[in-house]
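All heavy atoms count here, side chains included; hydrogens, waters and symmetry mates do not.
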Amino acid sequence: MAVLLHRLGHSAYRHRKLVLGIWLFVLAALITCVGVFGGKLDDRFSVPGTESQRALDSLSKTLPEASGASAQIVFTAPEGHRITEAPYTATITRTVAEAERAPQVSEVVDPRSAGAVSADRTTAIVQVHYRVQTAEVRTSSVDALQDAARAAEQDGLRTAVGGSVFNSKGVHIGPSEIIGVAVALLVLVVTFGSLLAAGMALLPALIGVAAGLAGLLALAPAISISSTAVTLALMLGLAVGIDYVLFILSRHRQQLARGTDPKESVALAVGTAGSAVVFAGATVIIALAALSVIGIPFLTTMGLGAAGAVLIAVLAAITLVPAIAGFAGARLAPKPGSRAARRAADAEGTTGRTTLGTRWTKWVIAKPLLTVLAVVGILVTLMLPAADLRLALPDNGSAPHASTQRTAYDTISRTFGPGFNGPLLVLAETNDRTAAASSQAGAQVAEKLRTLKDVKAVLPPQPTSDPTQSVITVLPNSGPDSVRTDRLVRDIRAVAPELRDTTGASIAVTGTTAVNIDVSNRLSDSLLPFVAIVVGLSLLLLMMVFRSLVIPVKAAVGFLLSVGASLGLVVAVFQWGWLADVLGVPHSGPVVSFLPIILIGVLFGLAMDYEVFLVSGMREEWAHTGQARRSVVDGARHSVRVVTAAALIMFTVFAGFFPLDDSLIKPIAFALAVGVAIDAFAVRMTLVPAVLALAGRGAWWLPAWLDRILPDLDVEGSSLQKAEPTESREAEPAGASGARGNSGK
């Protein structure tokens with residue numbers, strides 16, 4: 001692989017105008033496709049094959065208003081008044097008429113006919129149903145409802161509009177993300193000591209991100225893509241794109257500082273650091289693509305979309321970087337005597353000065369057992385809250401406090417009960433095609449459901465266009481994300497055989513709440529097998545890279561500690577509410593159901609990324625000196641600074657998405673940001689050197705029979721010594737080839 005990438009670097013450098021032109025042409029073509037075709041994003045959560053989804057699909061044909069988008073206009077009377085007073089009922093009637101004229105609305109239900117007036121007569125709810133799904137509801141339609149609600153406020157009523165129409169529908173790009181990129185640029189400037197180098201590091205990453213996003217959005221007319229999938233692709237593409245370019249460009253500048261010819265230097269950088277980039281990117285892509293085996297369409301799209309963004313980031317790093325470096329030529333070389341030149345010399349160990357990374361590594365391995373115990377103890381402590389992890393999909397109860405949908409949600413929960421925000425639909429079907437038989441069976445089913453625990457109310461059966469069907473609305477005592485509501489769904493399904501025997505009706509629990517519960521349960525059941533796949537993959541890949549048993553096991557354990565500590569912090573903040581006010585978390589409750597799997601997939605690739613860049617230098621020193629402890633210290637000198645910069649960039653990019661008022665993205669951004677920080681600084685830069693120092697020579701041992709059967713990935717680029725042209729060696733100053741060793745470090 002290293003030889004192939006070395007040739008690719010040479011070719012991209014020589015044909016830099018063509019390479020850059022191809023990228024810009026593809027980017028322009030994709031943006032044009034998005035502008036011309038412009039498909040809408042789809043934020044529906046579905047689980048094909050489940051009871052709830054089958055029933056919902058059936059209702060979409062026989063009772064569309066039960067499966068389409070919905071909204072609620074919540075009216076609250078002034079203090080000391082009742083909503084049933086004549087002036088207020090007239091206002092509500094007028095508002096209902098105005099809501100019926102809103103675009104795409106199929107039905108508006110008056111609160112008096114639906115019984116949606118609170119017991120204390122202070123609050124009433126107008127139910128609005130749409131003939132289309134949430135993703136297809138136009139902004140103008142929601143605006144019309146809000147205008148009608150605001151008009152009612154002129155008569156003294158307080159109003160709020162909520163419902164599924166307020167689900168996330170787009171990609172959020174704001175000041176916080178721009179600040180994240182600006183901080184990343186600052187880190188690049190400090191790392192390289194050059195505005196030119198920093199700008200060149202950012203340009204390929206931004207082109208890659210733009211191409212990845214445009215490509216994903218261009219597919220929206222053909223496949224279902226959620227706004228969360230697009231935002232995740234943006235987040236990952238930006239973070240890994242900058243990091244991958246940083247790794248290659250920093251290697252290129254180190255070699256330029258040694259006097260290597262720019263053309264050969266960039267080819268060597270792509271062959272060595274680029275090999276590690278391809279390996280790290282491949283691990284992220286595999287882990288994200290593995291989300292498709294879970295069998296949930298929106299998660300499959302999310303995983304494949306993010307994997308595509310990472311793939312494009314890798315391609316940009318190994319093709320655009322050498323092409324753009326070709327335009328800069330020798331100007332990228334640190335100026336003699338500059339701070340950047342001194343850093344490059346320090347990394348080579350030719351100045352005699354001790355770098356910060358070397359000092360840190362020496363301090364860490366001075367008492368390695370104590371370091372291991374301290375780090376593991378801290379991370380295990382952070383993991384403890386994860387034992388209480390509960391998963392669910394967010395609703396309007398997770399929206400910002402000041403939003404109209406959150407006001408509506410809280411008002412309904414307070415005056416009608418939390419279950420009113422998450423009703424369950426029970427579809428009853430009989431074999432008798434007469435409406436009378438279906439109605440009688442539905443009434444019997446409703447009577448039985450009223451006897452179940454945690455049921456607040458059961459509404460009368462509602463017929464559909466199919467005479468064999470009736471729909472019964474069950475209002476739980478608990479909210480949509482409550483464990484008690486989950487248990488109620490299980491209880492209803494448990495009495496299904498009994499109801500079939502006594503009433504002749506088959507029942508299925510559905511509705512948004514039941515579908516979300518099924519999604520969360522499917523994800524919970526998939527979590528441990530997914531972890532096993534990822535950990536097994538990491539063991540195999542690292543064994544092939546480092547020809548060692550200790551390093552893969554240590555890396556897998558460290559990865560699990562990072563994931564566990566990150567989930568523990570997520571539970572403490574988002575589920576328990578610790579520091580929620582300080583961090584601007586609007587609601588404490590169950591964790592977003594797909595967060596753990598996304599965190600595992602992404603953090604796995606990043607952990608392997610940092611592992612390769614740190615440990616490959618140590619392995620190179622071990623191969624040269626055969627001194628275990630010294631190889632840990634000298635090897636860290638090569639890469640600690642670059643990995644630190646990469647981790648800081650990754651952290652700031654992820655943290656830049658945290659301020660978003662999006663109940664799906666906010667916890668994911670938090671988890672990825674703290675996960676990167678923990679894995680890079682606590683595990684890779686602290687735990688890894690300590691474990692290698694403890695293991696000594698045993699860290700690099702691999703049974704001979706296993707060494708023979710494992711393929712050699714050559715991530716370090718050792719084969720380049722043989723493939724490197726003689727003339728390029730002669731162009732280098734004496735000692736440069738030896739300094740490069742097995743990996744060019």
Asker: If we only count heavy atoms from C-beta on, is the Phe654 to Val674 side-chain gap below 4.5 Å?
Answerer: no
Asker: Taking C-beta and beyond as the side chain, do Val230 and Leu217 meet within less than 4.5 Å on heavy atoms?
Answerer: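 Result yes, sub-4.5 Å side-chain heavy-atom pair found.
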Asker: Would you say Val615 and Ile551 make side-chain contact, with heavy atoms under 4.5 Å?
Answerer: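 They are in contact (side-chain heavy atoms under 4.5 Å apart), so the answer is yes.
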Asker: Keeping Arg14 on the side-chain end and Ala323 on the backbone end, is there a donor-acceptor pair under 3.5 Å?
Answerer: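 No, because the side chain of Arg14 does not come within donor-acceptor range (under 3.5 Å) of the backbone of Ala323.
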Asker: Step by step, work out the side chain to side chain contact (heavy atoms under 4.5 Å, CB included) result for Glu264 and His10.
Answerer: CA-CA 7 Å; Glu264 180 60 23; His10 263 303; 2.9 Å; yes
Asker: Do Ile600 and Phe559 come close enough that some side-chain heavy atom pair is under 4.5 Å?
Answerer: yes
Asker: Return the CG to CG distance between Leu236 and Leu672, rounded to the nearest 0.5 Å.
Answerer: 6.5 Å
Asker: Which of parallel (below 30°), tilted (30 to 60°) and perpendicular (above 60°) describes Tyr610 and Phe247?
Answerer: perpendicular
Asker: If you round to the nearest 0.5 Å, how far is CD1 of Ile665 from CZ of Phe658?
Answerer: 12.5 Å
Asker: Hey, does the Lys NZ or Arg CZ of Arg16 hover above the aromatic six-ring of Tyr13, less than 6.0 Å from the centre and inside 45° of the axis?
Answerer: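 Yes, cation above the ring, under 6.0 Å and within 45°.
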Asker: Check whether any side-chain heavy atom of Arg619 sits under 4.5 Å from a side-chain heavy atom of Arg547, and report yes or no.
Answerer: yes
Asker: Can you tell me how far the CZ atom of Phe327 sits from the CG atom of Leu20, to the nearest 0.5 Å?
Answerer: 5.0 Å
Asker: Just by distance, with hydrogens left out, do Trp363 and Thr371 show a side-chain donor and acceptor under 3.5 Å apart?
Answerer: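 Their side chains do not contain a donor-acceptor pair, so the 3.5 Å distance test is not met.
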Asker: Using a 4.5 Å cut-off on heavy atoms from C-beta on, say whether the side chain of Val314 contacts that of Tyr244.
Answerer: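 Side chain of Tyr244 against side chain of Val314, heavy atoms only: contact under 4.5 Å found.
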Asker: For the atom pair CG (Leu268) and CD1 (Ile248), what is the distance rounded to the nearest 0.5 Å?
Answerer: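 The CD1 atom of Ile248 is 12.5 Å from CG of Leu268, to the nearest 0.5 Å.
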Asker: Under 3.5 Å, side chain of Thr260 to main-chain N/O of Gln255, donor-acceptor pair present?
Answerer: yes
Asker: Between atom CG of Asp261 and atom CG of Leu256, what is the distance when rounded to the nearest 0.5 Å?
Answerer: 8.5 Å
Asker: Just verifying a value: how many Å separate Leu203 CG and Leu320 CG, rounded to the nearest 0.5 Å?
Answerer: 7.5 Å
Asker: Which atoms form the tightest heavy-atom contact between Val19 and Thr319, and what is the distance?
Answerer: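 Taking every non-hydrogen atom into account, CG1-O, 3.7 Å.
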Asker: Got a sec: does the CG of Leu24 have more than 12 other heavy atoms crowding it under 6.0 Å?
Answerer: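 More than 12 within 6.0 Å, yes.
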Asker: Please set out all donor-acceptor pairs under 3.5 angstrom arising from side-chain atoms of residues 683-704, sequence neighbours excluded.
Answerer:
from   : atom 1 : to     : atom 2 : distance (Å)
Arg684 : NE     : Asp679 : OD1    : 3.4
Arg684 : NE     : Asp679 : OD2    : 3.0
Arg684 : NH1    : Glu611 : OE1    : 2.6
Arg684 : NH2    : Asp679 : OD1    : 3.0
Thr686 : OG1    : Phe681 : O      : 2.7
Arg697 : NH1    : Gly626 : O      : 3.1

Asker: Would you say the side chain of Asp243 lies within less than 4.5 Å of the side chain of Val277, judging by non-hydrogen atoms?
Answerer: no
Asker: Could you check if a side-chain atom of Pro262 sits within less than 4.5 angstrom of a side-chain atom of Leu332, using non-hydrogen atoms only?
Answerer: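 Sidechains of Leu332 and Pro262: no contact.
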